[in-house]
A.B. asks: 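I'd like to ask you about the structure that follows.
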Amino acid sequence: MADITYDVTYIGAGPGGYVSAIRAAQLGLKVAIIEKRPTLGGTCLNVGCIPSKALLHSSHLFEEATQGMAAHGVMTSGVKLDLKSMMKQKDSVVGDTVKGVDYLMKKNKIDRLTGIGSIAGPGSVTVTNDKGESKTINTKNIVIATGSEVAPLQGVEIDEKLILSSTGALTLKKVPKKMIVIGAGVIGLELGSVWRRLGAEVEVIEFMDVCLFGSDAEVSKIAQRSLKKQGLKFRMKSKVVEAKANKSNVTIKVESRDGGRIEEITADCVLVAIGRRPYTDGLGLEKNGVEMDRGFIKTTDGFKTSVEGIYAIGDVIGGLMLAHKAEDEGVVLAEILAGQSGHINYDAVPGIVYTWPEVATVGKTEEQLTEAGVDYNTGKFNFTANARARAMSATDGFVKILADAETDEVLGVHIVGASAGELIQECIVAMEFGGSAEDLARTCHGHPGLSEVVKEAALDVDNRALHN
Ligand SMILES: Cc1cc2nc3c(=O)[nH]c(=O)nc-3n(C[C@H](O)[C@H](O)[C@H](O)COP(=O)(O)OP(=O)(O)OC[C@H]3O[C@@H](n4cnc5c(N)ncnc54)[C@H](O)[C@@H]3O)c2cc1C
């Protein structure tokens, strides 16, 4: 291996790195990938998207079985939680998925190196394994795809026993009686939902006055209302200034945002979910002159860093810190490295929260359009007016479509409701084709289907929804 000069070497095998590696290999490039974890797939497959969605699904089934089925004539008395089996199911989903990535590396003849990768200089990368043994490989191009890590909170030290990051919250051995979640963002609401469904009293503490900050304001409000109805508690405009782990519980100090009131709360555990920050430790960026911007690697067109032959993609370059954004960047970069061209329309990258109901958004919010002075029309439709949603007892939520007032082009879509993450997909296709609300409205939708909610919202852009 020492004599090979790779066309491209990836540092980090998350969705950015491993997907890009596959595409590069498909295009005939000689590829190496370096990963410090024993398994491939990065944050997403090991401690992120996949385990959290496995637990969200299992805990949803549990809640349905305990509360949701009687109205449908399915009597489920005596339903019990077996948390150990639920965790085993999650672990097997993760295990199968990461093994799948292994297989894909072999299938595409990508050389996998286990250890910490660091840039030795232009065209060379050193890999150091956990025994401290190093080797250096030669490569024409280096792609940094090292992702992100949990953002710390001052005064709150994560021990993964009582004071948890998302990683610890995915592996609890028993259901806490009371859990505090710091941060009403995607991860806080998803994992807070898991533990509430399994029986914990969950209180979410948030500095802002809305959950899912940055989302369309109406979406934040409706999502929070739904989650509150299910029993999630919210303490807004508040900040946690200290957390102290006791023998078997945690005491936190919460201050109102204006500094007026300080309160102490005790809980069985605390989940810190205030966001993630780029991970660049040990890469040797400074030494090699790679420019940074507030901790993120600075890139220009084509994911170039400030140093020739070094590129970066995924969470480590910022923007939406999402797996599918990292994957798409990886594919485009591989194609550029193989001499093709490509670009990403970041306005058509969705954000999905896998709570119940789900929240899915793409494109501009009403607030962004108003601020930019864009004239737009709004179409809305509630799930409650959809027959399939009623049959499924899934009437919470709505679809909102924002379309340019002059051209009718779809500029943003915001959905709170069952399967929102799947329903939004047709809107994204429409947006990628520069489609209009009229295009969505004129498209025949199967009946009775949840997707008719999207069609009706599109009709409502022109005030002609049929079932409103
Ligand atoms: C709990 C949770 C739930 C999430 N849910 C979703 C979701 O539902 N949908 C979604 O789109 N996103 C979700 N995300 C975000 C998603 O996981 C990330 O956006 C995505 O993993 C970023 O991909 P990446 O390839 O940039 O980096 P990562 O997946 O973080 O991968 C980077 C890899 O690089 C490795 N690495 C770092 N430094 C080195 C080095 N020097 N040498 C060798 N290896 C190194 C790391 O070990 C890691 O495996 C979730 C995140 C969390 C924490």
Side-chain angles (χ1 to χ4, degrees), residues 9-21 32-57 90 94 97-98 101 112-120 125-130 134 142-151 164-171 181 183 185-194 271-285 296-297 303 312-331 333 349-355 358-360 421:
T9 296
Y10 291 88
I11 308 181
Y18 92 75
V19 169
S20 190
I33 193 160
I34 303 167
E35 172 55 56
K36 65 186 172 80
R37 272 199 176 90
T39 50
L40 303 176
T43 304
C44 174
L45 272 58
N46 289 281
V47 291
C49 327
I50 303 306
S52 60
K53 265 78 262 180
L55 285 184
L56 277 157
H57 183 71
K90 172 215 51 167
V94 169
T97 314
V98 297
V101 180
R112 174 191 173 180
L113 300 141
T114 304
I116 296 174
S118 64
I119 301 166
V125 178
T126 300
V127 192
T128 309
N129 68 18
D130 54 6
S134 294
I142 299 167
V143 178
I144 304 166
T146 48
S148 59
E149 62 177 351
V150 174
L164 315 164
S165 73
S166 52
T167 305
L170 289 166
T171 52
V181 176
V186 180
I187 293 175
L189 296 186
E190 286 187 355
L191 292 178
S193 291
V194 165
L271 163 60
V272 182
I274 58 160
R276 295 183 61 82
R277 65 177 183 189
Y279 184 79
T280 54
D281 285 5
L283 281 171
L285 298 180
F296 292 99
I297 296 179
F303 307 104
I313 51 171
D315 280 9
V316 80
I317 67 167
L320 290 169
M321 289 167 103
L322 292 168
H324 44 278
K325 174 258 191 193
E327 284 188 28
D328 284 5
E329 288 178 345
V331 168
L333 173 58
V349 175
I352 301 161
V353 191
Y354 292 86
T355 46
E358 289 181 0
V359 180

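Order of appearance sets the numbers: ligands from 1, and atoms from 1 within every ligand.
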A.B. asks: Can you sort out which atoms of ligand 1 are near R37, meaning under 4.0 Å from one of its heavy atoms?
C.D. replies: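 Answer for ligand 1: 46 (C), 47 (O), 48 (C), 49 (O).
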A.B. asks: Provide, to 0.1 Å, the distance between atom 34 (O) of ligand 1 and the closest protein heavy atom, together with that atom's residue and name.
C.D. replies: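 Sorting protein heavy atoms by distance from atom 34 (O) of ligand 1 puts G12 CA, 3.2 Å first.
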A.B. asks: Tell me, which protein residue and heavy-atom name are nearest atom 27 (O) of ligand 1, and how many Å apart are they?
C.D. replies: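 Result for atom 27 (O) of ligand 1: G147 CA, 3.1 Å.
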A.B. asks: Stepwise, does the side-chain contact (heavy atoms from CB on, under 4.5 Å) test hold for V101 with Y18?
C.D. replies: CA-CA 8 Å; V101 180; Y18 92 75; 3.7 Å; yes
A.B. asks: Considering only non-hydrogen protein atoms, determine which one is nearest to atom 18 (C) of ligand 1 and report residue, atom name and distance to 0.1 Å.
C.D. replies: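 Answer for atom 18 (C) of ligand 1: D315 OD2, 3.3 Å.
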A.B. asks: Just let me know how P15 lines up against ligand 1, side chain, backbone, both or neither, with a heavy-atom cut-off below 4.0 Å.
C.D. replies: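 Both backbone and side chain.
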A.B. asks: As a test of understanding, state which of I144, V143, L113 forms a side chain to side chain contact (heavy atoms under 4.5 Å, CB included) with Y10.
C.D. replies: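 Of the listed residues I144, V143, L113, the side chain to side chain contact (heavy atoms under 4.5 Å, CB included) partner of Y10 is V143.
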A.B. asks: Is there a polar contact, in the sense of an N or O pair closer than 3.5 Å, between D281 and ligand 1?
C.D. replies: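 No, D281 has no N/O under 3.5 Å of an N/O on ligand 1.
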A.B. asks: With a 4.0 Å heavy-atom cut-off (strictly under), which part of S148 contacts ligand 1: side chain, backbone, both or neither?
C.D. replies: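 It is the backbone that gets close, since no side chain atom is under 4.0 Å.
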A.B. asks: How long is the gap from CD1 on I116 to OG1 on T146, to the nearest 0.5 Å?
C.D. replies: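 The CD1 atom of I116 sits 11.5 Å away from the OG1 atom of T146.
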A.B. asks: Going by the order shown, which atoms of ligand 1 are within less than 4.0 Å of some heavy atom of I116?
C.D. replies: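 Selected atoms, number and element: 41 (N), 42 (N).
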A.B. asks: So if I count the atoms of ligand 1 from 1 in the order they appear, which ones are less than 4.0 Å from some heavy atom of T146?
C.D. replies: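 Listed by number with element: 32 (C), 34 (O), 37 (C), 38 (N), 39 (C).
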A.B. asks: Number the atoms of ligand 1 from 1 as they appear, then name those within less than 4.0 Å of a heavy atom of I11, with their elements.
C.D. replies: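 Near I11, the atoms of ligand 1 are 40 (C), 41 (N), 42 (N), 43 (C).
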A.B. asks: For I34, take its heavy atoms, then give the atoms of ligand 1 lying under 4.0 Å from any of them.
C.D. replies: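 In order of numbering, the contacting atoms are 43 (C), 44 (N).
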A.B. asks: Just heavy atoms, cut-off under 4.0 Å: does L283 contact ligand 1 by side chain, backbone, both, or neither?
C.D. replies: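 Near ligand 1, L283 shows its side chain, while the N, CA, C and O stay back.
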A.B. asks: Please work out whether any backbone atom (N, CA, C, O) or any side-chain heavy atom from C-beta onward of K53 is under 4.0 Å from ligand 1, and answer side chain, backbone, both or neither.
C.D. replies: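 Within the 4.0 Å criterion, K53 contacts ligand 1 through side-chain atoms alone.
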A.B. asks: Decide whether an N or O pair under 3.5 Å exists between G117 and ligand 1.
C.D. replies: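 For ligand 1, there is an N or O atom that lies under 3.5 Å from one belonging to G117.
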A.B. asks: Testing S166, S165, S148 one by one against R276 for a side chain to side chain donor-acceptor pair (under 3.5 Å), which residue passes?
C.D. replies: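 Single pass found, and it is S148.
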A.B. asks: Which atoms of ligand 1 are found less than 4.0 Å from any heavy atom of G314?
C.D. replies: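 By the 4.0 Å cutoff, the relevant atoms are 26 (O).
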A.B. asks: Select one of side chain, backbone, both or neither to describe which atoms of L322 lie under 4.0 Å from any atom of ligand 1, heavy atoms only.
C.D. replies: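 Both backbone and side chain.
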A.B. asks: Write out the residue and atom name of the closest protein heavy atom to atom 14 (N) of ligand 1, then the distance separating them to 0.1 Å.
C.D. replies: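 The closest heavy atom on the protein side is C49 SG, 3.7 Å.
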A.B. asks: Between C44 and ligand 1, which part of the residue brings a heavy atom under 4.0 Å of the ligand: side chain, backbone, both or neither?
C.D. replies: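 Looking at C44 and ligand 1, atoms from backbone and side chain both fall under 4.0 Å.
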A.B. asks: Distance under 4.0 Å to a non-hydrogen atom of Y354: what atoms of ligand 1 satisfy this?
C.D. replies: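 So the answer, numbered in order with elements, is 8 (O).
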A.B. asks: Could you find the nearest protein heavy atom to atom 3 (C) of ligand 1 and give me its residue, atom name and distance?
C.D. replies: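 The closest heavy atom on the protein side is G48 C, 3.4 Å.
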A.B. asks: Identify the protein heavy atom lying closest to atom 25 (O) of ligand 1, giving its residue, its atom name and the separation to 0.1 Å.
C.D. replies: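 Minimum-distance protein heavy atom for atom 25 (O) of ligand 1 reads G16 N, 2.8 Å.
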A.B. asks: Which atoms of ligand 1 sit under 4.0 Å from any heavy atom of S166?
C.D. replies: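 Close to S166: 1 (C), 53 (C).
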A.B. asks: Please confirm whether K36 comes within less than 3.5 Å of ligand 1 when only nitrogen or oxygen atoms on both sides are compared.
C.D. replies: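 Yes.
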A.B. asks: Tell me the protein heavy atom at minimum distance from atom 35 (C) of ligand 1, and give that distance in Å.
C.D. replies: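 The answer is E35 OE1, 3.2 Å.
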A.B. asks: Between V359 and V186, is the side-chain contact (heavy atoms from CB on, under 4.5 Å) condition met? List the steps.
C.D. replies: CA-CA 10 Å; V359 180; V186 180; over 6 Å; no
A.B. asks: Going by distance only, is there an N or O of M321 that falls short of 3.5 Å from an N or O of ligand 1?
C.D. replies: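 It does: an N or O of M321 is found under 3.5 Å from an N or O of ligand 1.
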A.B. asks: Which residue supplies the protein heavy atom nearest to atom 11 (O) of ligand 1, what is that atom called, and how far is it?
C.D. replies: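 Checking every protein heavy atom, the shortest distance to atom 11 (O) of ligand 1 gives A323 N, 2.8 Å.
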